[in-house]
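We use all heavy atoms of the structure for the numbers below, so side chains are in, but hydrogens, waters and symmetry mates are not.
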Amino acid sequence: MWYPEIKHFCPRAPVILVGCQLDLRYADLEAVNRARRPLARPIRPQEILPPESGREVAKELGIPYYETSVVAQCGIKEVFDNAIRSALISRRHLQFWKSHLRSVRKPLPQAPFLPPRPPPPVIIVPDPPVQSEDDPGHLLEEASCADVVLVVQERTRIFAHRIYLSTASSKFCDLFLMEDGDPPSQARDPLLRASSFDACEGSGETEGAGMRTSASDGTLGREGDRDLSGWSRAFESIRSGVMEEPPGYSARRVTVVKMDSSVRPGPFRAVLKYLYTGRLDEREPELMEVAHIAELLEVFDLRMMVANILNREAFMNQEITRAFHVRRSNRIKECLTKGIFSDVTFVLDDGSITAHKPLLISGCDWMSAMFGGPFLESSTTEVRNCTF
């Protein structure tokens with residue numbers, strides 16, 4: 001636009017073409033526009049010219065081309081040095097300067113420009129999910145890491161986990177300890193037993209009385225179904241089985257517990273939800289059935305929660321839930337310390353550590369991917385070559 005006017009009024013003046021604000025080509029235009037507001041209009045991406053456009057215009061006019069950036073302090077000295085060269089060379093035709101300007105070189109081409117290193121990408125790490133008390137609830141009926149199958153009324157199967165059931169219900173605790181071969185009177189740890197606000201109330205049953213065995217070594221479910229109807233009104237039988245669910249997972253051994261015929265699937269799921277989360281839905285339609293199952297399993301706190309809801313005092317259940325999680329934490333620590341109900345062992349360079357897959361899955365996304373997915377670790381009981 002300016003070249004014809006310059007040549008008309010200053011025909012002998014040397015001309016160089018300079019592209020300014022080189023830094024905008026590599027800058028974050030959104031950030032630049034935010035800084036320019038409201039004093040200047042925003043810069044649009046199509047207004048930033050590539051270097052080929054400047055060289056093409058300079059070649060058409062027959063003049064040198066340079067690019068500069070005051071912000072980046074790039075190319076400024078080259079522009080001034082070559083502007084001086086152009087001015088001096090334009091005076092060579094004068095007799096006075098002819099001998100003195102013989103050694104002045106023509107404007108030099110600009111050295112290749114090395115773009116500045118781009119800023120590091122903005123990595124936004126999302127906040128970790130709040131570890132609430134409801135976290136274990138999503139594991140209920142999850143077949144990928146279950147080690148217990150609860151059979152209700154012959155046709156309903158519910159997947160569960162020994163560590164959560166045993167740390168919330170004394171009956172499940174005794175059942176799984178005896179399955180491992182420990183007598184009920186010796187295997188029961190006072191800390192693992194489910195205490196309650198009305199601990200003075202008992203179930204009226206003699207522990208271990210009337211239990212009929214089907215194996216000579218005193219173990220449960222190792223050679224078929226073990227009849228439990230004489231030991232507890234909550235269970236009918238227990239046995240050890242092999243589960244190949246979900247599809248694609250390796251087969252693994254599980255404990256199959258058949259519940260009493262009076263236990264119905266709907267209320268029983270509400271009881272299991274409490275054993276996992278310590279909460280009871282106030283809108284549960286079958287509260288009396290829930291209270292019945294809670295009494296069979298010696299979960300007296302759940303029975304008290306039902307009574308509070310029926311008496312329109314559900315606000316008192318918050319304290320019961322808090323106490324539930326305090327006791328659950330203490331029992332889980334005891335299980336971790338003694339290795340009770342552990343289902344995986346990490347073999348390290350300086351020893352081994354026993355753990356529980358359901359606890360790891362519910363507390364760590366990395367562990368959830370390893371043990372909850374179709375990997376070898378989901379069905380093995382030992383993990384080697386661990387680096388932590």
Not counting sequence neighbours, which residues clear salt bridge (charged side-chain N to carboxylate O under 4.0 Å, His left out) with [X]? List them please.
X: R105; answer: none
X: E78; answer: none
X: E52; answer: none

Does I43 form a side chain to side chain contact (heavy atoms under 4.5 Å, CB included) with R36? I'd like the steps, not just the answer. CA-CA 9 Å; I43 301 174; R36 290 164 57 94; 3.8 Å; yes

Using a strict threshold of under 4.0 Å (side-chain N to carboxylate O), is an ion pair present between [Y] and [X]?
X: R322; Y: E319; answer: yes
X: E47; Y: R44; answer: yes
X: R327; Y: D301; answer: yes

Residue pair Y164, S362: steps toward the side chain to side chain donor-acceptor pair (under 3.5 Å) verdict: CA-CA 11 Å; Y164 284 118; S362 63; 3.0 Å; yes

Any sub-3.5 Å donor-acceptor pair from [X]'s side-chain atoms to [Y]'s backbone N or O?
X: H356; Y: I340; answer: yes
X: R264; Y: E289; answer: no
X: T321; Y: N317; answer: yes
X: N308; Y: F315; answer: no
X: S169; Y: S166; answer: no
X: E284; Y: D281; answer: no
X: S368; Y: C364; answer: no
X: R157; Y: V149; answer: no
X: H161; Y: Y276; answer: no

Does some side-chain heavy atom of [Y] sit less than 4.5 Å from a side-chain heavy atom of [X]?
X: K106; Y: R85; answer: no
X: C74; Y: E67; answer: no
X: P267; Y: E286; answer: yes
X: V344; Y: T381; answer: no

Inter-residue atom distance [X].[atom1] - [Y].[atom2], 0.5 Å rounding:
X: I16; Y: L61; atom1: CD1; atom2: CG; answer: 13.0 Å
X: M305; Y: M316; atom1: CE; atom2: CE; answer: 11.0 Å
X: I238; Y: M259; atom1: CD1; atom2: CE; answer: 10.5 Å
X: L175; Y: L228; atom1: CG; atom2: CG; answer: 6.0 Å
X: L108; Y: D81; atom1: CG; atom2: CG; answer: 9.0 Å
X: E236; Y: D227; atom1: CD; atom2: CG; answer: 8.5 Å

Output side-chain donor-acceptor pairs under 3.5 Å for residues 3-15, partner residues at least two apart or in another chain, one line each.
none

Residues two or more places apart in sequence or in another chain: which of them pass ring pair (Phe, Tyr, Trp, His ring centres under 6.0 Å) with F172? F176, F235

Could you pull out all residues at least two apart from Y26 that satisfy ring pair (Phe, Tyr, Trp, His ring centres under 6.0 Å)? F113

Evaluate the criterion side chain to side chain contact (heavy atoms under 4.5 Å, CB included) for residue pair R269 and I158; output intermediate values, then yes/no. CA-CA 8 Å; R269 283 190 170 92; I158 301 177; 3.9 Å; yes

For the student: nearest non-hydrogen atoms of V254 and A146, plus distance: CG1-O, 3.8 Å

Shared ILVMFWY cluster between M288 and L297, side chains joined below 4.5 angstrom? yes

After noting the C-alpha distance and the side-chain angles of E298 and S170, does the key distance pass the side chain to side chain donor-acceptor pair (under 3.5 Å) rule? CA-CA 6 Å; E298 296 185 1; S170 59; 2.5 Å; yes

Under the side chain to side chain contact (heavy atoms under 4.5 Å, CB included) rule, what do S262 and H292 come out as? Steps first, then yes or no, please. CA-CA 10 Å; S262 63; H292 170 68; 3.8 Å; yes

